[in-house]
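Data first, discussion second: the structure below is written as structure tokens.
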Amino acid sequence: MNPHHATAAELGRGLKSRQYSSVEVARWFLDRIHETHGALNAFVTVTAERALADARRADAMIARGEGGPLTGVPVAHKDIFCTDGILTSCGSRMLANFIAPYDATVVERLTAAGMVLLGKTNMDEFAMGSSNETSHYGPVRNPWDGSKVPGGSSGGSAAAVAARLAPVATGTDTGGSIRQPAALTGLTGLKPTYGRVSRYGMVAFASSLDQAGVLAQSAEDAALVLGAMAGFDPRDSTSVDAPVPDYAAALGRPVKGLRIGIIREFFGEGLDAGTGAAVHAALDGFRAMGAELVDVSLPNLPLSVPTYYVVAPAECSSNLSRYDGVRFGHRCRDPRDLMDLYRRTRGEGFGAEVKRRIMTGTYVLSAGYYDAYYLKAQKVRSLINDDFRRAFSQVDVLMGPTTPTPAFDLGAKTGDPITMYLNDIYTIGANLAGLPAISAPCGLVDGLPVGLQIIGPHFSEERLLGAAHAWQRDTDWHRRLPPLYA
Ligand code: GLN
């Protein structure tokens with residue numbers, strides 16, 4: 001079997017049984033990256049030498065009978081994760097010269113699991129975007145149709161895995177940036193519970209919302225990678241000190257008897273008919289597996305987009321104040337004085353969307369408007385939380401679409417930020433409430449993938465992965481490849 005036709009789990013098994021070596025597998029993917037880079041722009045940096053060195057080490061471990069299910073399996077990291085000695089740009093000119101001096105915990109743990117680093121993937125600048133068009137390195141294209149966006153902000157990771165330039169990749173999700181690109185490229189994307197995975201070494205956007213996760217070919221792959229990256233980290237004060245379950249072992253959980261809440265607010269105006277039909281077909285599939293479908297309403301959920309676009313910019317304006325041209329990153333030429341240094345460094349280093357967010361955030365936190373915007377948004381955030389809590393007293397999981405439409409044309413929404421923000425209408429709620437959520441492919445609409453979203457209570461990743469896995473045992477949507485990359 002060609003390595004790019006295998007899932008990460010299958011590659012791990014093939015490596016263990018010596019069907020191929022890790023060096024062969026790494027070369028295979030490096031060649032694919034090389035051949036297709038111009039078309040997709042999925043990578044900011046390709047770490048070919050590092051990949052081969054990692055692969056040789058993995059082969060030696062496997063030869064000694066050591067290692068685990070991911071040993072020797074390649075991975076690509078979103079360029080938001082610090083990687084020791086490697087450019088970590090976060091898709092921004094501000095960090096286009098930043099060689100990270102240490103590894104993020106996610107990177108460290110996946111390296112310790114024996115994974116092979118192929119490179120760093122393109123992304124929206126500072127993870128702000130829904131289409132991967134705000135990157136300093138240019139837009140990423142959707143492998144299913146090069147005239148469409150791959151979604152964002154983890155668009156490079158999504159395009160890389162969808163085109164099988166990497167078997168699996170990391171991503172981050174502040175308002176949907178794992179699930180939304182996963183849906184638009186036919187992948188399984190998991191955003192874990194807030195605090196499940198350490199944020200240490202992950203460039204901060206909105207700290208109360210940011211969470212690291214996985215863009216994978218299957219629920220099984222997502223389970224394996226989550227298991228390797230999750231867990232308490234004393235270097236992140238919001239990381240939760242709770243044992244990491246064996247996610248892969250939980251995949252066999254039966255769906256029979258599962259109580260599924262269908263979120264009424266997710267099926268209203270704005271949902272594309274084809275996407276809605278695919279999601280309804282998936283829900284019928286769950287009913288056929290013995291799940292019970294219950295209609296639920298989360299009345300405050302429609303407020304999640306405006307709430308998010310107060311809270312996230314507020315936190316970003318604070319987090320991004322560190323880019324001052326003094327300590328690291330971009331610095332303007334020949335500053336006249338300190339104010340000139342700040343102004344020109346930030347003026348040159350940040351793109352338009354990042355500036356828009358910093359200005360909005362500074363405004364909503366200002367003395368005169370704090371109560372009217374920031375405090376109000378925090379109150380609505382609590383109401384949204386309560387809606388979810390109430391729903392989970394009745395049902396085990398919630399289901400609905402991941403995105404309102406399939407992938408849209410490059411450039412279609414760049415002139416209108418509000419229309420762009422509405423892409424995250426179904427994903428943001430889980431971030432505001434810190435809940436885990438997964439998107440699994442559930443159909444093709446005019447040749448473009450769409451996703452089913454499953455949201456669960458805090459720390460219910462096993463349940464979400466189990467449900468997605470059961471669906472994937474019955475269907476082959478997750479096995480479909482973009483025709484150009486088959
Ligand atoms: N699209 C949302 C935004 O632009 C979410 C981004 C994310 O999850 N990083 O903020």
Side-chain angles (χ1 to χ4, degrees), residues 77-81 90-92 106 121-135 139-140 149-158 169-184 189-192 194 197 199 202-215 304-317 319-320 350-361 364 377 381 402-405 407-408 412-414 416-439 451 453 455:
H77 288 307
K78 185 176 182 179
D79 210 15
I80 197 168
F81 292 101
C90 216
S92 182
V106 163
T121 57
N122 202 346
M123 55 180 285
D124 278 303
E125 185 178 9
F126 284 105
M128 297 173 199
S130 308
S131 63
N132 217 124
E133 292 171 289
T134 71
S135 171
V140 177
V149 303
S153 65
S154 312
S157 286
T170 54
T172 60
D173 193 312
T174 303
S177 281
I178 290 175
R179 288 160 287 157
Q180 188 255 21
L184 302 191
L190 174 67
K191 172 227 173 279
Y194 182 79
V197 177
R199 290 182 296 112
M202 196 173 109
V203 178
F205 161 13
S207 309
S208 78
L209 302 159
D210 297 342
Q211 182 60 199
V214 198
L215 288 120
S304 59
V305 171
T307 305
Y308 173 89
Y309 279 99
V310 172
V311 173
E315 295 186 19
C316 115
S317 72
N319 272 325
L320 271 58
F350 292 135
E353 181 60 28
V354 173
K355 286 177 186 161
R356 183 179 296 126
R357 307 264 180 129
I358 292 173
M359 286 190 283
T360 313
V364 301
R381 187 175 183 177
T402 308
T403 61
T405 66
F408 45 92
K413 302 187 182 182
T414 41
D416 182 359
I418 304 284
T419 311
M420 188 68 93
Y421 297 167
L422 285 171
N423 282 299
D424 306 317
I425 190 146
Y426 305 141
T427 50
I428 280 174
N431 300 80
L432 289 170
L435 300 168
I438 195 167
S439 177
Q453 185 179 201
I455 307 174

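We count ligands from 1, going down the list as the structure has it; atoms in each ligand are counted the same way.
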Determine yes or no for a side-chain-to-main-chain donor-acceptor pair under 3.5 angstrom, with Asp124 supplying the side chain and Glu133 the backbone. yes

Under 4.0 angstrom from ligand 1, any heavy atom of Gly176? yes

Looking only at heavy atoms of Arg357, does any of them come nearer than 4.0 Å to an atom of ligand 1? yes

Per-atom contacts of ligand 1 with Ser153, taking only distances under 4.0 Å to non-hydrogen atoms: 9 (N)

For the residue pair Tyr309 and Tyr421, categorise the inter-ring angle as parallel (less than 30°), tilted (30 to 60°) or perpendicular (more than 60°). parallel

Checking side chain to side chain donor-acceptor pair (under 3.5 Å) between Asn431 and each of Asp173, Asp210, Asp424, which is the one that passes? Asp173

Part of Glu353 within contact of ligand 1 (heavy atoms, under 4.0 Å): neither

Using a 4.0 Å cutoff against the non-hydrogen atoms of Gly129, which atoms of ligand 1 qualify? 1 (N), 2 (C), 3 (C), 4 (O), 6 (C)

Ignoring hydrogens and angles, tell me if any N or O in the side chain of Thr403 forms a donor-acceptor pair with the backbone of Gln180 under 3.5 Å. no

Can you sort out which atoms of ligand 1 are near Gly175, meaning under 4.0 Å from one of its heavy atoms? 5 (C), 7 (C), 8 (O)

Main-chain N/O of Ser92 paired with Glu125 side-chain donor or acceptor, under 3.5 Å: no

Looking only at the side chains, is there a donor atom on one of Ser157 and Lys78 sitting less than 3.5 Å from an acceptor on the other? no

Any donor-acceptor pair under 3.5 Å linking the side chain of Ser154 with the backbone of Thr172? yes

For Ala127, the atoms of ligand 1 under 4.0 Å from one of its heavy atoms are 6 (C), 7 (C), 9 (N)

What protein heavy atom is closest to atom 2 (C) of ligand 1, reported as residue, atom name and distance in Å? Asp424 OD2, 3.1 Å

min-distance protein heavy atom vs atom 6 (C) of ligand 1 -> Ser177 OG, 2.9 Å

Is a donor on one side and an acceptor on the other found under 3.5 Å between the side chain of Asn132 and the backbone of Pro139? no

Which option, Tyr421, Tyr309, Tyr308, owns the non-hydrogen atom nearest atom 5 (C) of ligand 1? Tyr308

Nitrogen or oxygen of Asp173 less than 3.5 angstrom from that of ligand 1: no

